[in-house]
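Report on one structure; see the data block that follows.
Each chain gets a letter, A, B and so on, in the order the sequences are listed, and its residues count up from 1.
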Amino acid sequence: MVFERLSFTLDPGELLYLRGKNGSGKSTLLRLIAGYLRIHGGTLMVGDDAWWRGDAALSEALIYAGHDNALKPVLTLRENARELTRLMTGHAVGDVALADAADVFGLTGLLDQPVRYFSSGQRHRSNLMRFAYLKRPLWLMDEPTVGLDTENREALAGLMRAHLDAGGMIIAATHDPIGVEGAMIDMRDYQPKVSLEEAWL
Amino acid sequence: MTMAPQSTQDTSLSGIFFGIVKRDVRLAWSQGGTGTMALSFFLIAVTLFPFGVGPEPQILARIAPGVIWVVALLACLISLDRLYQADFEDGSLDDLALSPLGLTGVAAAKILAHWVSTVLPLVVISPVLGMLMNLPDGAYGTLLISLLVGTPALSLIGSMGAALTVSVRRGGVLLSLLVLPLYVPTLIFAVGAVDATAGLVDPTQPLALLGAASLLALVIGPFVSAQALRLSLE
Amino acid sequence: MTDLFDMGSVGPFVIGAYGVTAVALVALAVLSLRANKAAAAEVERMRPKRRRKPDEGDS
Amino acid sequence: MHRFANPAQFNRLADRILPWAKLVLAASLVYGIYLAFLGSPPDQYQGESVRIMYVHVPAAWMAMFCYLVVAGASFTEFVWRHPLAILAGKAAAPIGATFTALALITGALWGKPTWGTYWQWDGRMTSVLVLFFLYLGYMAIWRSMDEEDKAGRAASILALVGVINLPIIKFSVEWWNTLHQPASVFRLDGPTISADMLWPLFMMAIAFKAYFVLVFLYRMKLEINRRKLSVLRMSRVTG
């Protein structure tokens, strides 16, 4: 059991930061919302209908960016983006949308280079690019600012602000403020008192 | 007002499905893919048998179907542990799980990609090995049919093993321990069919049983693989 | 009624079969019991200490 | 935690059953051995070697029974996520594997005097051999992953897939057997079972069942204690 009695509502246009030391459940909460984990108690609601794990409607409404960059080193950045868009929508990604997305993080020059030559910073930015070329209302970001220099942090902040203004929602598990104001939850307040495992003793 | 995800209305599931198949076939034959590995293993391993058993044509002819099928099965097996593990390691399994197609559909697409990219080449090359092994002339047709009808079960059942061992380091050995017992029916029926033709007996019964085994694997393969993959995502 | 020892040439196989079965089942039982006793002792050793002085180090 | 799933309650139940299991085991074993050796006649064809049947056949039955216990535990794990049920699978598997190995060994020891070869690739024996590999796979998965409960659920999936495939494997092996051995081989527990041969068989079967209950309950206690240890150690680490 990682946390309990946690509940919040997020309205369109709002950003929620998840604070807390490592292992306090930030990533777990994000992965739970993304539908990877099984909920022991409580429900995940969108509007008034509940979402279940592996529920296609759930996955079509969110973009999740975790710690490792889901990129195939053999393929170029453009091909990776094309494959991800096809995976999520079944259609090809528009070249204009892709060019704009690459431009946001200054990756235009690298679009046609195989990812295996990228530095880890470039790979991380390539992973964040998905928020630019995929149109989904809910963004789930796990430590998005790791390894970003100030210029790219600004780019990310701008991207997030634009998304919020368009009525999108963001949940970001991060320690440092990106400069985009938003509500905040500290996982420490929801540490489990009696863990499920106690019942074993 | 929740901003409706515009893409939901026109998500084409078939587009996703064949997108995954194309991607995986391409990856299998690109750098670090398993396509070439399985094919070269198949060729080398079969040619070992004459060295072991001796070149007498009658002996080779007698064991040809069994050897070709067992080595094809092993070649398929060694290419399976990277089926999901590669995606698991670089994090793209998370994206696959989020695809509107659903994990079962994704598993089916990856299994089809594995069959096309790794197993089909084995089937295409098998007549050449049949010659090496002095396979009786009449049996080539049934060998090809049995491989075409039987090998899907190898990919489908193997996929379950690969999904179960996706988070296991060096899961290849464990994968073979899990999957080989389940391969027994397919192996028995397939070799039975080819032996039947060699013995001028009608092979339709074993071929029918082989098809049934593949159909059962088709029913449980993708679903069980999806459940096992979901485990590794937790 | 047969005499236990005049089973002729088959004797060793019969005795062997029963012997192997006995050895295997007894071994499994003893191993299971001993492992359980050890685990139970370990649980007892760790649990009371945790209650009385929770911060005492692990012995 | 579910009402029944409470480990303390299970231990109490186990402690009530254990004395009875020991009693039944002792009684049925003594009477079974007596019947097997002194209380039943030698077979008119095989002579004394038929006595191996009284150990071989119950062992094969138990091999199958234990796998059904494992499959049942795996099924409850997926339908009700019952924390104790998955341990039942883990506890029953080694017992099942032991019985399967015994069935194979005693089968070979029986084959040698009767047909001159230790291994006959007879349809039923080959199925037991494949069952043995299914056990090995199940037990191997339990130990293969860092997190035990994930390993347990993976093993449960395999057990369920195994139980679906078992009849198919059995059929295919029998079909394959008739293909290669058209001559009707003397069936292991063939039609020549006379009444007084049934009694030792029945008694030994009861003895093996009682043995199973005894060792299964102790292994369940073992698994529960192991789980308690991991919880204690984890809580010690996380403070």
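Here the side chains of B/Pro203 and B/Val194 are not in contact, with every heavy-atom distance at 4.5 Å or above.
Across B/Ala196, B/Ala213, B/Pro206, the residue that shares the most heavy-atom pairs under 4.5 angstrom with chain D is B/Pro206. Residue with the most contacts toward chain D among B/Leu177, B/Ile188, B/Thr165: B/Ile188 (heavy-atom pairs, distance under 4.5 Å). The candidate with the highest count of non-hydrogen atom pairs below 4.5 Å against chain B, out of D/Asp146, D/Thr126, D/Ile164, D/Leu160, is D/Asp146.
Looking at B/Thr186, neither its backbone nor its side chain comes within 4.5 Å of chain D, counting heavy atoms on both sides. Only the side chain of B/Ile220 has a heavy atom closer than 4.5 Å to any heavy atom of chain D. With a threshold of 4.5 angstrom between heavy atoms, B/Arg170 does not approach chain D through any atom at all. Only the side chain of B/Leu209 comes within less than 4.5 Å of a heavy atom in chain D; its backbone stays farther off. For a residue to count as touching a neighbouring chain, one of its non-hydrogen atoms must lie under 4.5 Å from one of that chain's; by this rule B/Leu174 touches chain D with the side chain only. Proximity to chain D is limited to the side chain of B/Leu216, based on heavy atoms less than 4.5 angstrom apart. For a residue to count as touching a neighbouring chain, one of its non-hydrogen atoms must lie under 4.5 Å from one of that chain's; by this rule D/Phe132 does not touch chain B.
Ion pair D/Arg226/D/Glu148 not flagged as a salt bridge, since none of the NZ, NE, NH1 or NH2 atoms sits closer than 4.0 Å to an Asp/Glu carboxylate oxygen.
For the residue pair B/Tyr84/B/Ser159, the side-chain donor-acceptor check at 3.5 Å is satisfied.
Residues B/Phe42 and B/Ser126 approach most closely at CE2-CA, 4.2 Å, considering heavy atoms.
Counting heavy atoms of neighbouring residues, nucleotides and ligands inside a 6.0 Å radius, atom CZ of D/Phe202 does not exceed 12 of them.
The only member of D/Phe133, D/Tyr135, D/Trp61, D/Phe99 that meets ring pair (Phe, Tyr, Trp, His ring centres under 6.0 Å) when paired with D/Tyr67 is D/Tyr135.
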**Request:** Would you please test D/Met53 and D/Thr106 for side chain to side chain contact (heavy atoms under 4.5 Å, CB included) and show each step?
**Result:** CA-CA 8 Å; D/Met53 172 175 75; D/Thr106 51; over 6 Å; no
